[in-house]
Visitor: 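Just dropping this structure here.
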Amino acid sequence: MTDAARTRLAQRLTTAVNALSDPAAPMVVVDIDAFDANAEDLRRRAGGTPIRVASKSLRIPALIERALATPGFAGILGYSLREALWLVEHRISSDVVLAYPTVDRGAVRRLLTDSAARAAITLMVDDVAQLDVVDTCRTPGTHEEVRVALDIDAGLRLARSHVGPKRSPLHDPAEVIAFARRVMARPGFRLVGVMTYEGQVAGVQDDVPGQRAKSAVVRRLKSASMTQLAERRRQIAADLAALVTLEFWNGGGSGSVEATAADGAVTEIAAGSGLLVPTLFDHYQSFSPRPAAFYGVPVVRRPTDRIATTAGGGFIASGPTGKDRAPTPWAPPGLRLTGLEGAGEVQSPLVGPGAAGLRIGDWVWFRHAKSGELAEHTNLVHLVSGEAVTSTVPSYRGLGCAW
């Protein structure tokens, strides 16, 4: 986004929120026009493969529903069983796959006693101990059927190294088939799907300005990873087909949509961050980002004529501690955090050529490094189109839900 475009963005968002009766900070907004354009771009990149909405990357029910209403999107990839139960209870979706195993016994007991929830929710498993947790929650002598999917490690193995998220212990086809047999032999469980999340491809930037050599290495690793994974998926799919007819095979992420869609074993792609596009999704060869989520904080003091200090805004992203996890002052352009204070809990000094033009009371618009985590810092989210707030909707937090 050019400096001119960022200047126009700041003017547009400021005009929209200043029309509110109570423009309280931090002011979290989503540019609905950009959100819809991103959804359409994801659909195009998927080439007909359905996209399952990753709720962790949104955490705003109205946006989850908006994505699901977009042609090409179907079902939710959830991150908590209590969240999944809530989504089914509130009729947001009747198809929720958990992306992670659960040992939440209270939520499991609720699942076991709710036939509608059991029909709608698929648990993720990669260890017999996770099945044991479910069985300990059953009423003695009962075997209510629970839908489960296998989480298979999608990392790249090179000699003795492993590149990718440290998720499932299931990697080799023989390991997967042996575990699938154990799942199918257990009363009360029905194997319906598989998940292979290639985070080392979907979630790693590969076209970073000023990092040409590193980006080239990342792209080579991504290519090798997808080649290796395609072969493993093909073998595992063939072996599983001899045992069970699966309903779905989930893979991918916002940064690897095209590559994952090209794999014949995959029947659906997970995506969420590509709808809001946080800063960690700025530099990919596979797509051009349209930032859609921002938060505004006001300038409250001017320590010098070269520094403008905002009220708070220190929303640091999860992951390995580093500068890429800090929020970015985005609009107006020409602003940066200081090296000593960074983004603070109650104040964030800003420097750079844009700081001189800011006055006390002006809004500064930041972007978060990650996607859904921004929603944990607000009860309300303002949806903006053009220069107007079209609606104000609650986040999970605003609904009293902490998952």
Side-chain angles (χ1 to χ4, degrees), residues 1-38 60 63 209 275-283 288-315 317 326-338 341-344 346-371 374-375 377-378 380-393:
M1 184 178 285
T2 65
D3 283 357
R6 287 160 69 172
T7 298
R8 290 193 297 271
L9 174 69
Q11 294 169 344
R12 185 162 60 82
L13 296 182
T14 297
T15 297
V17 302
N18 279 345
L20 296 172
S21 60
D22 183 16
M27 177 70 64
V28 176
V29 303
V30 171
D31 184 335
I32 286 301
D33 300 323
F35 181 94
D36 291 344
N38 289 333
I60 302 163
L63 293 184
L275 293 166
L276 296 180
V277 189
T279 58
L280 283 174
F281 279 79
D282 272 357
H283 304 299
S288 298
R290 297 181 187 85
F294 310 90
Y295 66 93
V297 286
V299 175
V300 293
R301 54 172 52 158
R302 294 297 312 268
T304 74
D305 59 2
R306 296 183 179 182
I307 301 175
T309 302
T310 62
F315 302 156
T328 300
W330 187 251
L335 300 171
R336 66 178 186 275
L337 298 166
T338 66
E341 293 190 56
V346 291
Q347 75 164 37
S348 299
L350 301 174
V351 295
L358 291 174
R359 300 168 300 177
I360 289 177
D362 285 350
W363 290 99
V364 174
W365 298 96
F366 284 71
R367 291 173 63 200
H368 202 281
K370 297 186 78 172
S371 192
L374 177 57
H377 297 282
T378 186
L380 298 175
V381 178
H382 304 287
L383 308 185
V384 174
S385 178
E387 295 186 348
V389 173
T390 58
S391 61
T392 298
V393 299

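Bear in mind the structure is a predicted one, so any value in this text is a computation, not a measurement.
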Visitor: In Å and rounded to the nearest 0.5 Å, what is the CG to CG distance from Leu63 to Leu275?
Guide: 8.5 Å

Visitor: Check whether any side-chain heavy atom of Pro209 lies under 4.5 Å from a side-chain heavy atom of His283, and answer yes or no.
Guide: yes

Visitor: Are the side chains of Val28 and His377 in contact, using a 4.5 Å heavy-atom criterion?
Guide: no

Visitor: So, the side chain of Thr378 versus the backbone of Leu380: is there a donor-acceptor pair under 3.5 Å, distance only?
Guide: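 Yes; at least one donor-acceptor contact below 3.5 Å.
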
Visitor: Check whether any side-chain heavy atom of Gln347 sits under 4.5 Å from a side-chain heavy atom of Val300, and report yes or no.
Guide: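 No, side chains not in contact.
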
Visitor: For Trp330 and Leu9: C-alpha separation, side-chain torsions, deciding distance, then whether side chain to side chain contact (heavy atoms under 4.5 Å, CB included) applies.
Guide: CA-CA 9 Å; Trp330 187 251; Leu9 174 69; 3.8 Å; yes

Visitor: Kindly give the heavy-atom pair with the smallest separation between Pro327 and Ala343, and that separation in Å.
Guide: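 Smallest interatomic distance, heavy atoms only, reads CG-CB, 3.6 Å.
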
Visitor: What's the shortest heavy-atom distance between Val393 and Ile60, and which atoms?
Guide: CG2-CG2, 3.8 Å

Visitor: For residues Pro329 and Arg336, report the shortest heavy-atom separation together with the two atoms involved.
Guide: CG-CA, 3.8 Å

Visitor: Output yes when a side-chain donor or acceptor of Asp33 lies under 3.5 Å from a complementary backbone atom of Gly386, and no otherwise.
Guide: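 Looks like yes, one N/O pair under 3.5 Å.
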
Visitor: Please collect all side chain to side chain donor-acceptor pair (under 3.5 Å) contacts where either partner lies in residues 7-20, sequence neighbours excluded, each pair once.
Guide: Arg12-Asp31, Thr14-Trp365, Asn18-Trp363

Visitor: Is the distance from the ring center of Tyr295 to that of Phe315 below 6.0 Å?
Guide: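 They qualify: ring centres under 6.0 Å apart.
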
Visitor: Is a donor on one side and an acceptor on the other found under 3.5 Å between the side chain of Arg359 and the backbone of Asp362?
Guide: no

Visitor: Which heavy atom in Asn38 sits nearest to a heavy atom in Arg290, and how many Å separate them?
Guide: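 Looks like ND2-O, 2.9 Å.
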
Visitor: Test Leu350 against every option in Leu337, Thr309, Thr338 by the side-chain contact (heavy atoms from CB on, under 4.5 Å) rule and name the one that passes.
Guide: Leu337

Visitor: Are the side chains of His382 and Leu20 in touch, meaning some heavy atoms are under 4.5 Å apart?
Guide: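 Heavy-atom side-chain distance check passes, below 4.5 Å.
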
Visitor: Quick check: closest heavy atoms across Pro278 and Ser371, and the distance to 0.1 Å?
Guide: CG-N, 3.6 Å

Visitor: Roughly how far apart are Leu280 CG and Lys370 NZ, rounded to 0.5 Å?
Guide: 7.5 Å

Visitor: Within a strict 4.5 Å, meaning less than it, do heavy atoms of the Leu358 and Leu335 side chains meet?
Guide: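 The answer is yes, as the side chains (C-beta and beyond) meet within the 4.5 Å cut-off.
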
Visitor: Can you find a heavy atom in the side chain of Val381 that is under 4.5 Å from one in the side chain of Val29?
Guide: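 Answer no - side chains too far apart.
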
Visitor: How about Val30 and Leu276: do any of their side-chain heavy atoms sit closer than 4.5 Å?
Guide: yes

Visitor: Can you check whether Val384 reaches Phe294 side chain to side chain, under 4.5 Å on heavy atoms?
Guide: no

Visitor: Using modelled atom types and a 3.5 Å cut-off, is there a donor and acceptor pairing between side-chain atoms of Ser348 and backbone atoms of Gly312?
Guide: yes

Visitor: Please report the closest heavy-atom contact between Leu374 and Ala293, naming both atoms and the distance.
Guide: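 In this case the closest contact between Leu374 and Ala293 is CD2-CB, 4.3 Å.
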
